[in-house]
Amino acid sequence: MKKREKSLVPDICFYVALMIELMIVILDKSAYIIHYEGQWFRLTFCLFGVKALFNRYTWKEWLGFVTVGVVGVISYYVTGRNEMLRIIMLVAACKGMKSDRVLKTIFWTTLAGCTVLVLLSLTGIMGLVSITAEFRVGRVETRYCFGMGHPNAFHCMVWALVTLGCYIYRNKLKLWHYALLFVGNIVIYMFSLSRTAVIVTAVVIILFAMVCCCKQIADRRLFYVGCALTIVACVIMTVVLCETLEYSALVQKIDEKLSLRIWVISVVENAMPHDWTLFGLPENIEYFDMGIVRLFYWYGWIPACIYFAVNFSLIIVAYKKKDASLAVLVTTFMMYTVIEAHLISDYLLRNYLFVLYGLALTTSKADKDRTAEYALWDIRRIRRGVKCE
């Protein structure tokens, strides 16, 4: 009996939804105003849903989806935000997809889109090349944004692409590649003058280079424990900085270096840690830079704790797979979120952790058994001298 071929419909739906979400992320950085944004999100939700319908899940996966789904419904009912429901569908749809293909699609599409924005600004078609304003207290400066609205947004996209690119090509990059990236990061800083982005990008490059040069790190449990503790430290540091701003001279000096990011939070209603609620409030709609604060402010304690659980889960996955690069990516994402809120957004594909989580944590034992069976089948064919397709 002829074996029925796998349908291409779910994969097509997945990649169409992925491309739409990526286009929204890129256009959001440009001077273009996105129309009917909510309708686009509904479309991608449905397309990811079609892909999810073709998947098979274990009872543990169903339990996780249902649990987080209930929290997502409550969050939507309380705050009107539907991001959790969209994230669940994205994660569920990632099952069965080829990891490298999905991540490379995200990387190269984002890189191509950002390159187009830079060229459009340089040719005067759309977007500003530079902005002259008081970026720091008492200092008027000219900084370059290259069509991405703000210098920080420009360097932020550089950080995101460098981080994802280093992870995807972690087994191919050599030490001199990291040296070139480090120099390139400094050159870009001369245009953007974004201190946060240049520092975090430099840390990312150094950590990836360290993991690349010292393979033994991947086998050390202490390394992964350190990454998990760094995530905890980021949350604690955020709370301490916010709550001690009024009476700590040291924190006030730090805030001046951060362009008064903490002070901005102190004048936003319900944004301080002592005002955070379980599921946020419908009136909590303000935008500001401190990402971890925005996470708690927009969504509340319970959704925020689920987000941190995702981060810890990926650290555990990294430890089991001996993938130190994944641990570096997760940790530096959290470090950057202390100061910048790029990852805490309505736009899901700003945050690659959701895709990585879906690719890493929705592989059932049956899938692994089938993969092993096919691998063994190929080996037997090779031994018989039969060319594998």
Side-chain angles (χ1 to χ4, degrees), residues 21 24-25 28 34 36-42 44-45 64-91 150 152-153 156 231-232 234-247 251 255 258-312 333-334 336-351 353-354 357:
E21 290 280 358
I24 292 174
V25 169
D28 176 65
I34 304 173
Y36 309 109
E37 191 175 85
Q39 283 72 15
W40 286 115
F41 289 153
R42 292 184 181 93
T44 57
F45 178 85
F65 292 146
V66 170
T67 302
V68 179
V70 170
V71 175
V73 170
I74 296 173
S75 177
Y76 178 66
Y77 178 77
V78 173
T79 65
R81 296 186 174 276
N82 61 9
E83 287 80 32
M84 285 195 70
L85 298 175
R86 291 169 54 218
I87 290 169
I88 294 169
M89 199 59 72
L90 169 61
V91 171
H150 195 279
N152 287 347
C156 175
I231 294 174
V232 175
C234 288
V235 180
I236 294 175
M237 182 175 66
T238 299
V239 174
V240 170
L241 288 175
C242 293
E243 290 291 359
T244 60
L245 175 65
E246 293 184 4
Y247 57 84
V251 175
D255 192 33
L258 296 176
S259 303
L260 301 180
R261 279 173 164 84
I262 308 175
W263 176 82
V264 169
I265 293 170
S266 68
V267 298
V268 175
E269 187 178 2
N270 302 323
M272 294 297 282
H274 56 263
D275 294 320
W276 296 342
T277 59
L278 291 180
F279 285 98
L281 298 171
E283 60 266 25
N284 292 358
I285 57 174
E286 297 294 331
Y287 286 81
F288 43 76
D289 290 324
M290 300 285 281
I292 293 178
V293 175
R294 187 195 285 188
L295 177 64
F296 283 98
Y297 168 74
W298 274 5
Y299 303 105
W301 280 96
I302 293 178
C305 288
I306 292 175
Y307 179 76
F308 296 132
V310 170
N311 283 262
F312 286 120
F333 266 35
M334 183 58 68
Y336 193 65
T337 305
V338 174
I339 307 302
E340 293 285 354
H342 173 78
L343 303 179
I344 311 302
S345 168
D346 300 335
Y347 311 115
L348 302 188
L349 289 186
R350 280 191 180 187
N351 195 333
L353 294 183
F354 301 136
Y357 185 79

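All values reported here derive from a predicted model rather than from experimental measurement. The chain is numbered in sequence order, starting from 1. Side chains are part of it too, since the values below use all heavy atoms of this structure and drop only hydrogens, waters and symmetry mates.
Ile339 is not listed as a side-chain neighbour of Asp289, based on a closest heavy-atom distance of 4.5 Å or more. With a 4.5 Å cut-off on side-chain heavy atoms, Met290 and Tyr297 do not count as touching. Looking at heavy atoms from C-beta onward, Tyr307 lies in side-chain contact with Leu353 at the 4.5 angstrom threshold.
Counting heavy atoms of neighbouring residues, nucleotides and ligands inside a 6.0 Å radius, atom CZ of Phe308 exceeds 12 of them. In this structure, Glu283 places its CD atom where more than 12 heavy-atom neighbours from other residues, nucleotides or ligands lie under 6.0 Å away. Within 6.0 Å of CD on Glu269 lie no more than 12 heavy atoms contributed by other residues, nucleotides or ligands.
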Practice task
May I have the step-by-step check of salt bridge (Lys or Arg N to Asp or Glu O under 4.0 Å) for Glu340 and Arg261, ending in yes or no?
Solution key: CA-CA 9 Å; Glu340 293 285 354; Arg261 279 173 164 84; 2.6 Å; yes
Practice task
Report the C-alpha distance between Met334 and Ile292 in whole Å, list the side-chain angles of each, state the deciding distance to 0.1 Å, and finish with yes or no for side chain to side chain contact (heavy atoms under 4.5 Å, CB included).
Solution key: CA-CA 8 Å; Met334 183 58 68; Ile292 293 178; 3.7 Å; yes
Practice task
For the pair Thr79 and Asn284, evaluate side chain to side chain contact (heavy atoms under 4.5 Å, CB included) and give the outcome as yes or no after the intermediate values.
Solution key: CA-CA 8 Å; Thr79 65; Asn284 292 358; over 6 Å; no
Practice task
Please assess Tyr347 against Asp28 for the test side-chain hydrogen bond (donor to acceptor under 3.5 Å, both in side chains), listing each intermediate value before the final yes or no.
Solution key: CA-CA 9 Å; Tyr347 311 115; Asp28 176 65; 3.3 Å; yes
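Between the CD1 atom of Ile88 and the CD1 atom of Ile306 there is a distance of 8.0 Å, given to the nearest 0.5 Å. The distance from the CG atom of Leu295 to the OG atom of Ser345 is 12.0 Å, given to the nearest 0.5 Å. In this structure, Ile87 CD1 and Asn82 CG are separated by 9.5 Å, a value rounded to the nearest 0.5 Å. With rounding to the nearest 0.5 Å, the separation of CG in Asp346 from CD in Glu83 is 4.5 Å. Taking CG of Leu245 as the start and CD1 of Ile262 as the end, the distance is 6.0 Å to the nearest 0.5 Å. Within the model, atoms CG of Leu349 and CG of Leu343 stand 12.0 Å from one another, a figure rounded to the nearest 0.5 Å.
With hydrogens and angles disregarded, a donor-acceptor distance shorter than 3.5 Å links the side chain of Glu243 to the backbone of His274. Checked by atom type and distance alone, the side chain of Thr44 pairs as donor or acceptor with a backbone atom of Phe41 at under 3.5 Å. Under a 3.5 Å cut-off, the side chain of Thr337 and the backbone N or O of Phe333 do form a donor-acceptor pair. In this structure, the side chain of Ser266 engages the main chain of Trp263 through a donor-acceptor pair within 3.5 Å.
Summarising the geometry of Gly280 relative to Val78, their closest heavy-atom pair is O-CG1, 3.6 Å, with the distance given to 0.1 Å. Nearest heavy atom pair, residue Tyr336 against residue Cys156, reads OH-CB, 3.4 Å. Across Val91 and Phe354, no two heavy atoms sit closer than the pair CG2-O, 3.7 Å. Considering every non-hydrogen atom in both Pro303 and Met84, the closest pair reads CB-SD, 3.6 Å. Closest heavy-atom contact between Leu85 and Phe45: O-CE1, 3.5 Å. Taking every heavy atom of both residues into account, Trp298 and Ile285 meet most closely at NE1-C, 4.0 Å.
Not counting sequence neighbours, the partners of Val232 by the side-chain contact (heavy atoms from CB on, under 4.5 Å) test are Ile236, Phe312. Trp301 meets the ring pair (Phe, Tyr, Trp, His ring centres under 6.0 Å) test with Trp276, Phe296; sequence neighbours excluded.
A cation-pi arrangement, defined by a distance under 6.0 Å to the six-membered ring centre and an angle within 45 degrees of its axis, is present between Arg81 and Tyr299.
A salt bridge does not link Arg350 to Glu21: none of the charged side-chain nitrogens sits closer than 4.0 Å to a carboxylate oxygen.
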